[in-house]
Amino acid sequence: MNTDIEKIIVTENELAQITARLGKQITNDFAGKKLLIVGILKGSIYFLTDLSRHIELPCNIDFIQASSYGGNTVSSGEISIIKDIQSDLTGFDVLLVEDILDTGRTLKHIYDMLSERNPQSISIAALLDKPARREVKIHADYIGIDVPDAFVVGYGLDYNQFYRNLPYIGILKEEIYKK
């Protein structure tokens, strides 16, 4: 375990079980549909990769990158789109894939923006849900696991662009981000 991690809250094995469970559920729910998976960068990359391997359907994949944190541990509330998707959403059933549903501001912004582009439907898959921090009305259709109101990193989640590569999800020690 990395010495900057206070406690592991989701193990590698649990992540594998979560992605398999959600992949099976998504396969069943999207059977016969024209599926476009949209990963929200950078945090969703590991989750999207593992999840998509368990979706046993033909699908397209695209990415969008938004930011509201910068180098902070709290969202600024100002959401900027850094990279937009390239796909035409017309006729697609879109699955937005997010690492963590926290305040919900960024996800709601992206959801509303993509809703205006004529998709057949939009669903949300979030690896982690932190309902204690929700500030806007949005929910995920597919949730991996609820997490406590703590600063978590690993498996794509970062602090100041570090810790994404941890193969588990852990709570970052407070002294690391309160320097």
Side-chain angles (χ1 to χ4, degrees), residues 1-23 25-26 37-55 61 63-83 95-111 123-179:
M1 179 169 80
N2 184 301
T3 58
D4 294 343
I5 302 302
E6 180 179 314
K7 176 183 176 184
I8 294 174
I9 59 170
V10 188
T11 67
E12 278 185 84
N13 187 47
E14 290 169 326
L15 289 166
Q17 291 172 8
I18 288 167
T19 56
R21 172 179 54 84
L22 292 177
Q25 190 178 359
I26 290 164
I37 300 171
V38 176
I40 301 175
L41 295 175
K42 298 178 187 171
S44 73
I45 191 69
Y46 292 92
F47 176 47
L48 181 142
T49 299
D50 290 344
L51 176 66
S52 66
R53 290 178 180 152
H54 292 286
I55 297 173
I61 296 175
F63 295 94
I64 190 167
Q65 187 174 5
S67 179
S68 68
Y69 282 82
N72 298 316
T73 59
V74 179
S75 172
S76 68
E78 295 297 318
I79 298 152
S80 60
I81 301 299
I82 298 165
K83 181 216 174 295
L95 178 65
L96 280 175
V97 176
E98 176 69 299
D99 55 357
I100 186 166
L101 179 49
D102 195 340
T103 65
R105 286 190 211 144
T106 300
L107 191 55
K108 176 93 168 85
H109 180 86
I110 292 170
Y111 182 95
S123 300
I124 297 169
L127 173 60
L128 306 177
D129 189 15
K130 197 185 287 186
R133 303 234 329 130
R134 196 84 73 249
E135 295 178 5
V136 298
K137 188 174 170 119
I138 191 160
H139 75 280
D141 303 279
Y142 306 93
I143 295 172
I145 190 168
D146 286 352
V147 293
D149 188 9
F151 197 84
V152 294
V153 295
Y155 198 66
L157 293 111
D158 75 300
Y159 167 63
N160 207 17
Q161 301 303 321
F162 290 98
Y163 307 102
R164 289 187 196 281
N165 61 319
L166 296 176
Y168 53 81
I169 296 171
I171 296 173
L172 190 62
K173 290 180 180 175
E174 213 173 283
E175 63 261 22
I176 302 300
Y177 59 88
K178 290 223 172 163
K179 289 181 181 178

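Heavy atoms only: backbone and side chains are in, while hydrogens, waters and symmetry mates are out.
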Taking every non-hydrogen atom, the tightest pair across Asp141 and Ser123
OD2-CA, 3.2 Å
Could you tell me if the side chain of His109 sits less than 4.5 Å from the side chain of Val136, heavy atoms only?
no
Taken to the nearest 0.5 Å, the spacing of Lys130 NZ from Asp146 CG works out to 11.5 Å
Measuring from atom NE2 of His54 to atom CD of Gln25, what distance do you get when rounded to the nearest 0.5 angstrom?
14.0 Å
Nearest heavy-atom contact between Ala125 and Leu51 is CB-CD2, 4.5 Å
Might you point out which heavy atoms bring Gly39 and Leu48 nearest each other, and give the distance in Å?
CA-CD1, 3.4 Å
With distance as the sole test, does Arg53 use its side chain to make a donor-acceptor pair with the main-chain N or O of Gly23 at under 3.5 Å?
no
Close side-chain approach of Leu15 and Asp50, heavy atoms under 4.5 Å:
no
Quick one, Leu127 with Tyr46, criterion side-chain contact (heavy atoms from CB on, under 4.5 Å). Give me CA distance, side-chain angles, the key distance, then yes/no.
CA-CA 10 Å; Leu127 173 60; Tyr46 292 92; over 6 Å; no
Validation row: Leu128, Leu101 side chains within 4.5 angstrom (heavy atoms)
no
For residues 163-171, which side-chain donor-acceptor pairs fall under 3.5 Å, sequence neighbours excluded?
from	atom 1	to	atom 2	distance (Å)
Tyr163	OH	Asp4	OD2	2.5
Arg164	NH1	Gly156	O	2.6
Arg164	NH2	Asp158	OD1	3.2
Arg164	NH2	Gln161	OE1	2.9
Tyr168	OH	Asn2	N	3.0

Tell me whether the rings of Tyr159 and Phe151 are parallel (<30°), tilted (30 to 60°) or perpendicular (>60°).
perpendicular
Is it true that Asp129 and Arg134 have a side-chain N and a carboxylate O under 4.0 angstrom from each other?
yes
Between Leu157 and Val152 the two heavy atoms that sit nearest each other are CB-O, 3.8 Å
How long is the straight-line distance from CD of Gln17 back to OG1 of Thr11, given to the nearest 0.5 Å?
7.0 Å
Minimum heavy-atom separation for Ala126 and Phe47, please, with both atom names.
C-CE2, 4.0 Å
CG of Leu41 to CG of Asp99: how many Å apart, nearest 0.5 Å?
10.0 Å
Before you tell me yes or no, could you show the steps for Val97 and Ile40 under side-chain contact (heavy atoms from CB on, under 4.5 Å), namely the whole-Å CA-CA distance, both residues' side-chain angles and the distance that decides it to 0.1 Å?
CA-CA 6 Å; Val97 176; Ile40 301 175; over 6 Å; no
Kindly indicate whether the side chain of Ile176, heavy atoms from C-beta on, has any atom under 4.5 Å from the side chain of Lys173.
yes
Separation between NZ of Lys83 and OG of Ser67, rounded to the nearest 0.5 Å:
15.0 Å
I need the Phe63 CZ to Ile37 CD1 distance, nearest 0.5 Å.
9.0 Å
Give the C-alpha distance, both sets of side-chain angles, the deciding distance and a yes or no for side-chain contact (heavy atoms from CB on, under 4.5 Å) between Ile124 and Leu107.
CA-CA 9 Å; Ile124 297 169; Leu107 191 55; 3.7 Å; yes
